[in-house]
There are 2 protein chains.
Amino acid sequence: MARNPQTVRSERTRVALRRAATDLFAAQGVEATSAEQIAEAAGVTLRTFYRHFPSKHDLLFADYDTGLQWFRKALVARPVDEPVVESVRAAIFAFPYDVQALNQVAAFRATELDPDRIVGHLRQVEADLADAIVEHLERRTEASHRLDVVVTARVLAAAVFGAMEVWMQREERSMADLAELSHATLTALERGLDDRGMFRHY
Amino acid sequence: MARNPQTVRSERTRVALRRAATDLFAAQGVEATSAEQIAEAAGVTLRTFYRHFPSKHDLLFADYDTGLQWFRKALVARPVDEPVVESVRAAIFAFPYDVQALNQVAAFRATELDPDRIVGHLRQVEADLADAIVEHLERRTEASHRLDVVVTARVLAAAVFGAMEVWMQREERSMADLAELSHATLTALERGLDDRGMFRHY
DNA sequence: CCATGTTTTGTCAATGGTGACAGAACCGCT
DNA sequence: AGCGGTTCTGTCACCATTGACAAAACATGG
């Protein structure tokens with residue numbers, strides 16, 4: 001009896017779909033390509049397409065999302081007695097930052113793609129990031145109040161993505177700049193979050 | 001030639017649609033009610049429904065969104081030399097908080113409604129709040145760096161909504177509790193944001 | 001009242017996305 | 001090869017949302 005959910009055939013169609021999508025996107029643009037076209041080009045049904053990818057646009061953000069996995073792993077690897085901001089900083093910089101992908105996102109944002117769509121996705125990633133931080137905080141021995149944990153996590157995520165937003169709106173986007181912006185922002189937060197027991201008095 | 005875009009007839013159908021939607025939602029639930037049913041019950045076409053409301057779920061969050069308008073107004077009314085956190089606090093508390101509506105949102109979140117849908121909307125409101133704060137910050141004379149403005153705004157919004165999330169997850173939700181949570185959170189941020197020139201060193 | 005321009009609706013047709021159910025392909029085993 | 005249980009696909013049906021274009025309702029100057 002088979003029990004591995006990731007069969008060979010499944011993987012084949014997944015690859016075929018991704019390939020077809022990439023080609024079509026490049027050829028005629030993202031919005032101009034319908035999900036049905038992708039499915040057809042890959043030799044499967046529309047329904048099957050949606051069985052492999054939650055949405056058409058997910059094909060664009062795949063890199064982005066896997067980055068989140070890395071972040072989670074990097075975060076658990078951090079010592080529990082380390083200041084949160086430091087952990088987040090370290091985890092953030094453990095990202096296999098793909099300038100290519102990020103620049104693509106930034107470019108899409110200004111041009112073809114429905115901005116709402118991409119902004120919505122960024123917000124989703126931010127929320128996931130916050131969730132990851134919440135999990136990390138709750139792993140610590142000294143169980144804090146729920147308010148502390150949630151607000152701290154959200155504030156950190158907001159700071160990181162705020163820096164990223166600023167970066168994305170720039171003309172020139174270098175990896176060094178992004179690192180600098182993130183670093184500066186986190187350093188600023190660090191002062192408030194750590195050494196004075198912020199968020200611990202409620 | 002008529003030029004007022006808000007005709008009598010238009011308003012009539014809008015009201016009819018809202019009434020029909022409210023009734024149907026109450027009778028058979030939100031998700032179980034299709035947009036077409038609402039339109040039909042109001043005596044118009046589906047397309048017309050979407051001409052008056054951007055989406056089916058918008059009918060649920062109307063109160064929420066108008067609250068945002070109030071926030072914007074309350075924010076501009078604040079003196080420009082006041083610390084940001086104080087302005088935000090004051091504006092937040094100027095909300096015509098409708099416990100009814102908020103409780104409904106909180107209730108929906110746990111039950112019938114597609115959580116993604118409602119969470120997504122909350123994120124949208126949070127983003128709007130951040131934008132409002134950005135505008136307010138930019139109105140000040142001392143033009144700060146873009147990073148400062150964006151990050152500060154996002155962090156404040158994140159803090160407020162973090163408090164709200166905690167509140168929403170509680171069993172009992174009183175107005176006093178929400179106020180207390182928001183107040184505590186903002187006070188915590190206040191220390192970091194103001195008296196030490198946070199976010200001003202980049 | 002009528003001609004005319006405007007606003008609002010209706011109609012038609014797509015696309016994105018999803019649940020339910022049945023059939024096809026596949027896996028490990030004999 | 002043949003079998004029995006899984007997994008993957010195809011088919012069908014449905015809902016949410018939107019653009020394009022035409023018909024209907026309405027307001028107003030003449």
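- In this structure, B/Arg51 places its CZ atom 12 Å from C1' of D/dA23, rounding to the nearest Å.
- A straight line from CD of B/Glu36 to P of D/dA13 spans 16 Å, rounded to a whole angstrom.
- Crowding of B/Glu36 atom CD: a count of heavy atoms from other residues, nucleotides or ligands under 6.0 Å not exceeding 12.
- Regarding contacts with the backbone of D/dC8, every side-chain N or O of A/His52 stays at 4.0 angstrom or more from both OP1 and OP2.
- Salt bridge B/Arg78/B/Glu86: absent, no basic N to carboxylate O contact under 4.0 Å.
- One finds no side-chain N or O of A/His57 lying less than 4.0 angstrom from the OP1 or OP2 phosphate oxygen of C/dG16.
- Taking the charged nitrogens against the carboxylate oxygens, A/Glu138 and A/Arg146 do have a contact shorter than 4.0 Å, which makes a salt bridge.
- The side-chain contact (heavy atoms from CB on, under 4.5 Å) test with A/Phe71 is passed by exactly one of A/Asp128, A/Ile133, A/Val76: A/Ile133.
- Between B/Ser34 and B/Arg9, the residue anchored closer to the 5' end of DNA chain D is B/Ser34, taking for each the nucleotide with the nearest heavy atom.
- Taking 4.0 angstrom as the limit, A/Thr13 places none of its side-chain polar atoms (N or O) nearer than this to OP1 or OP2 of D/dC8.
- If you check residues 41-50 of chain A against DNA chain C, the residues with a heavy atom closer than 4.0 Å are A/Arg47, A/Tyr50, listed by number.
- Rounded to whole Å, atom C1' of C/dT7 lies 15 Å from atom CD of B/Glu11.
- Atom-to-atom, NZ of A/Lys56 to C1' of C/dG17 comes out at 12 Å; the value is rounded to the nearest Å.
- Comparing A/Gln37 and A/Phe53, the nucleotide of DNA chain C nearest to each residue sits closer to the 5' end for A/Gln37.
- Within the structure, the side-chain hydrogen bond (donor to acceptor under 3.5 Å, both in side chains) test picks out the following pairs touching residues 43-53 of chain A (sequence neighbours left out): A/Thr13-A/His52.
- Residues A/His121 and A/Glu126 bring no donor and acceptor atom of their side chains to less than 3.5 Å of each other.
- B/Arg14 has its CZ atom 15 Å from the P atom of C/dT7, to the nearest Å.
- Put simply, CD on B/Glu40 is 12 Å from P on C/dT11, counting in whole angstrom units.
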